[in-house]
Amino acid sequence: MSRDHYYNLCQKHVGRCVEIRTNDGRVHRGRIRSVDRRYVYMEPLGARGRGLGGLGYGYYGGYGRGAGFSIALGFITGLVLFPLLFW
């Protein structure tokens, strides 16, 4: 599927818990925080309120406390929504 397809799908589900598979076989689970035309930005499951993430290069391109990661939209091969009770 195209990058535009995954962009629109991720835009629709900002704030939801998802599992994303990439073309290199990796599986990423987390809550979608935001999406731009190149990346989907996610918070790992279980990171909220636990101080995970440490100091380092944060999710929006700046230094500081960041508990997230980004995935290039062009590398996504699958996206699955988690049921509400999972979180």
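Just so it is clear, the values below take in all heavy atoms, side chains as well, and ignore hydrogens, waters and symmetry mates. Only a predicted model underlies this, so the values are computations on that prediction, with no experimental measurement involved.
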With the 4.5 Å side-chain cut-off for hydrophobic clustering, are Val80 and Phe69 part of the same group?
no
Heavy-atom closest pair, residues [X] and [Y]:
| X | Y | answer |
| --- | --- | --- |
| Pro44 | Gly68 | CD-CA, 4.0 Å |
| Met42 | His28 | CE-O, 4.4 Å |
| Phe82 | Arg16 | O-NH2, 3.8 Å |
| Leu73 | Arg37 | CD1-O, 3.7 Å |

Interatomic spacing from OG in Ser34 to CD in Glu43 - rounded to 0.5 Å
11.5 Å
Using atom types as modelled and distance alone, determine if a side-chain donor or acceptor of Arg31 lies under 3.5 Å from a backbone N or O of Gly15.
yes
Side-chain contact test, heavy atoms from C-beta onward, threshold under 4.5 Å: evaluate it for Arg26 versus Ile71 and give yes or no.
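In short, these two side chains do not touch, never coming nearer than 4.5 Å.
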Name each donor-acceptor pair under 3.5 Å that joins a side chain in residues 6-13 to protein atoms two or more places apart or in another chain, with its distance.
from : atom 1 : to    : atom 2 : distance (Å)
Tyr6 : OH     : Thr77 : O      : 3.1
Asn8 : ND2    : Asp4  : O      : 3.2

